[in-house]
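Throughout, numbering of the chain's residues begins at 1 and tracks the sequence.
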Amino acid sequence: MQDGVKSRHQYDQKSDAEAIDAAELGLAPVDATPDAGNHGDAAPPKPAKPRAGPTEVLTWLDYMRVTACLLVVLGHCSASTREMPVGKVDFMSWEASVVYSTIHRISVPLFFMMSGFLMLFKTENLGDFYRKRIPRIVIPMIAWDIIYIFVQYKTQGRYKLTVSTAIQKFFFDFGNDHLWFLYATLGLYLATPMLRPMMRHTEPKVLVGAIVIWFLSDPLGSTVNRFFGVHPPLLSMMQFPRASVGFFMFGGIAKMYPVLSKKTLLACAVIYVATALSMVAGTTYAMLKTHKWYDAYLAQNGVFVALISLTGFLLLRAFFQTSFFERSPRLSALMRHFADQTYGIYLCHMLFVNPLSFFFDPTGYNGVIRIPVLTFAATFMSYVFVITLRKIPVLKQIVE
């Protein structure tokens, strides 16, 4: 792996301070101490605090960003089938949408964990940190809220567009639901300077304990509430961070453990598969019983999504660190190019998902094929749209 890192090109167009800007959104080249890779069953070394190093490209992060972006689009393309009443579409199509939605659920947590991996051990001036990052969230947030409010008014007729309703939508609602990610990211950016000293000066075991407390309070607490309608006070001890900060910190902790044994990865695989199967089976059973959409198993802040996200991150990192990906310079360069577009694709893809889902009605096509085809079509259209906007000086700021 060391040789692989040395052979990668360094970025000459962005400074080290810019290297982690909105990394979880697919913008950043990777700032990292070279990962050691996976070495079979060899015992992992004692976790050490990562030190600042040269700005290098960690290829696996490019692959993971592209994967996460595709999974975001996959989930939104499956929604039109998944949320239809059972019986209105054929069972195979509906079940396929549940499977695709389960796979999709790790997408946003992956972005948060990649961001934590990149950001939590970096040392920089507080003013520089906010000056470089906040505009890259706030400007697209405002622009895309306005764009989606206008699009919904023109195409869906949800409300009469007046100054009053536009202000109400802008300040008290999302222009489109997927934009919640920008608000969560803004919160993480504001908290990062406070989290960095804790990550640098706290023992790894204590940090792992913090993740356990977060897991018990937010994902488990939310799941208990969804299934049983109660929220025990004991499970509310860390409600203030909500879902994103746990994933964010886990990404930083993962940087302390660059080497995972095969036994650890096997345990992760077992947990991932068992949890994913439980999500599919539980959702299917509940839907067939109640004849309406039941989201307790697929809830984004629930225990099931937390389990597949944490284990999925470690498994994908190990998978993309294999020699096939590390030693394929052309494929790596292609992934680097697409990774640079993922922020813009995330922001604009619903402009294409909604009309595609309308024209290719779920009742007329097999969902097993329809959903992946729509995913790649919407992603490609979004990619072309983003590339076009990035060539326009005034507009490129809303997609990069």
Side-chain angles (χ1 to χ4, degrees), residues 20-29 61-79 100-101 103-116 118-119 133-149 151-152 174-189 243-244 247-248 251 300 305 309 312-313 316 335-357 371 374-390 395-400:
I20 58 169
D21 287 351
E24 74 280 11
L25 300 175
L27 285 176
L61 274 166
D62 289 335
Y63 284 96
M64 191 178 290
R65 283 201 293 272
V66 173
T67 300
C69 184
L70 285 171
L71 291 180
V72 167
V73 183
L74 176 72
H76 292 152
C77 287
S78 66
Y100 291 137
S101 295
I103 297 171
H104 143 81
R105 279 303 193 262
I106 73 172
S107 56
V108 173
L110 285 179
F111 284 134
F112 288 136
M113 287 182 278
M114 285 186 281
S115 186
L118 292 167
M119 296 175 66
R133 288 166 181 78
I134 300 303
R136 290 196 173 186
I137 294 296
V138 173
I139 292 175
M141 180 192 301
I142 295 172
W144 286 100
D145 258 330
I146 294 172
I147 290 170
Y148 279 109
I149 289 172
V151 168
Q152 288 183 5
F174 302 117
N176 198 274
D177 289 344
H178 75 292
L179 296 180
W180 74 267
F181 178 51
L182 295 181
Y183 292 83
T185 301
L186 179 61
L188 288 178
Y189 279 8
S244 56
F247 295 122
F248 189 64
Q300 194 67 54
V305 171
S309 298
F313 177 82
L316 283 173
M335 288 300 105
R336 170 96 292 270
H337 170 73
F338 281 109
D340 281 340
Q341 320 310 322
T342 52
Y343 185 26
I345 291 173
Y346 181 93
L347 292 170
C348 76
H349 73 277
M350 290 303 295
L351 293 176
F352 304 99
V353 169
N354 287 332
L356 284 172
S357 298
I371 294 171
L374 290 185
T375 297
F376 285 105
T379 302
F380 177 75
M381 292 177 182
S382 301
Y383 165 78
V384 173
F385 187 62
V386 169
I387 291 295
T388 303
L389 290 183
R390 292 185 73 167
L395 298 178
K396 68 178 182 179
Q397 293 186 60
I398 71 172
V399 291
E400 67 175 22

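- Nearest approach of Ala339 to Asp62, heavy atoms of both residues: CB-OD1, 3.8 Å.
- Counting only distance, with no hydrogens or angles, the side chain of Gln397 and the backbone of Pro140 share no donor-acceptor pair below 3.5 Å.
- Taken to the nearest 0.5 Å, the NE2 atom of His349 stands 11.0 Å off from the CG atom of Leu70.
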Ile147 and Leu347: side chain to side chain contact (heavy atoms under 4.5 Å, CB included), yes or no, with the steps? CA-CA 10 Å; Ile147 290 170; Leu347 292 170; over 6 Å; no

Considering only distance and modelled atom types, tabulate donor-acceptor pairs under 3.5 Å from the side chains of residues 378-386, sequence neighbours left out.
{"unit_1": "Thr379", "atom_1": "OG1", "unit_2": "Thr375", "atom_2": "O", "d": "2.7"}
{"unit_1": "Ser382", "atom_1": "OG", "unit_2": "Ala378", "atom_2": "O", "d": "2.7"}
{"unit_1": "Tyr383", "atom_1": "OH", "unit_2": "His337", "atom_2": "NE2", "d": "2.6"}

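- Minimum interatomic distance between Leu182 and Ile137 (heavy atoms only, all atoms of both residues): O-CG2, 3.6 Å.
- Remark: side-chain polar atoms of Tyr346 are not paired, donor with acceptor, to backbone N or O of Val72 under 3.5 angstrom.
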Between Leu110 and Phe247, does a side chain to side chain contact (heavy atoms under 4.5 Å, CB included) hold up when you go through it step by step? CA-CA 8 Å; Leu110 285 179; Phe247 295 122; over 6 Å; no

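- Atom CG of Leu61 sits about 11.0 Å away from atom CG of Leu316, to the nearest 0.5 Å.
- Phe376 contributes atom CZ, which lies 10.5 Å from atom SG of Cys77 (distance to the nearest 0.5 angstrom).
- None of Glu400, Arg390, Arg65 except one satisfies the side-chain hydrogen bond (donor to acceptor under 3.5 Å, both in side chains) rule with Gln341; the exception is Arg390.
- The two residues Phe248 and Met119 make their nearest non-hydrogen contact at CE1-SD, 4.3 Å.
- Rounded to the nearest 0.5 angstrom, Thr67 OG1 and Leu74 CG are separated by 11.5 Å.
- Here Thr185 contributes atom OG1 and Met141 contributes atom CE; the two are 8.0 Å apart, rounded to the nearest 0.5 Å.
- Between the side chain of Trp144 and the backbone N or O of Ile398, at least one donor-acceptor pair lies under 3.5 Å.
- Partners of His104 under the side-chain contact (heavy atoms from CB on, under 4.5 Å) rule, at least two apart in sequence or in another chain, are Ser107.
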Assess whether side chain to side chain contact (heavy atoms under 4.5 Å, CB included) is satisfied between Leu374 and Val353, documenting all intermediate values. CA-CA 7 Å; Leu374 290 185; Val353 169; over 6 Å; no

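- Atom CG of Leu356 sits about 9.0 Å away from atom CG of Asn354, to the nearest 0.5 Å.
- For Arg136 against Tyr343, the heavy-atom pair with the smallest separation is O-OH, 2.6 Å.
- For Phe112 and Phe181, the ring centers sit closer than 6.0 Å to each other.
- Heavy-atom minimum distance, Phe111 versus Cys69: CZ-N, 3.7 Å.
- Residues Met350 and Pro355 approach most closely at O-CD, 4.2 Å, considering heavy atoms.
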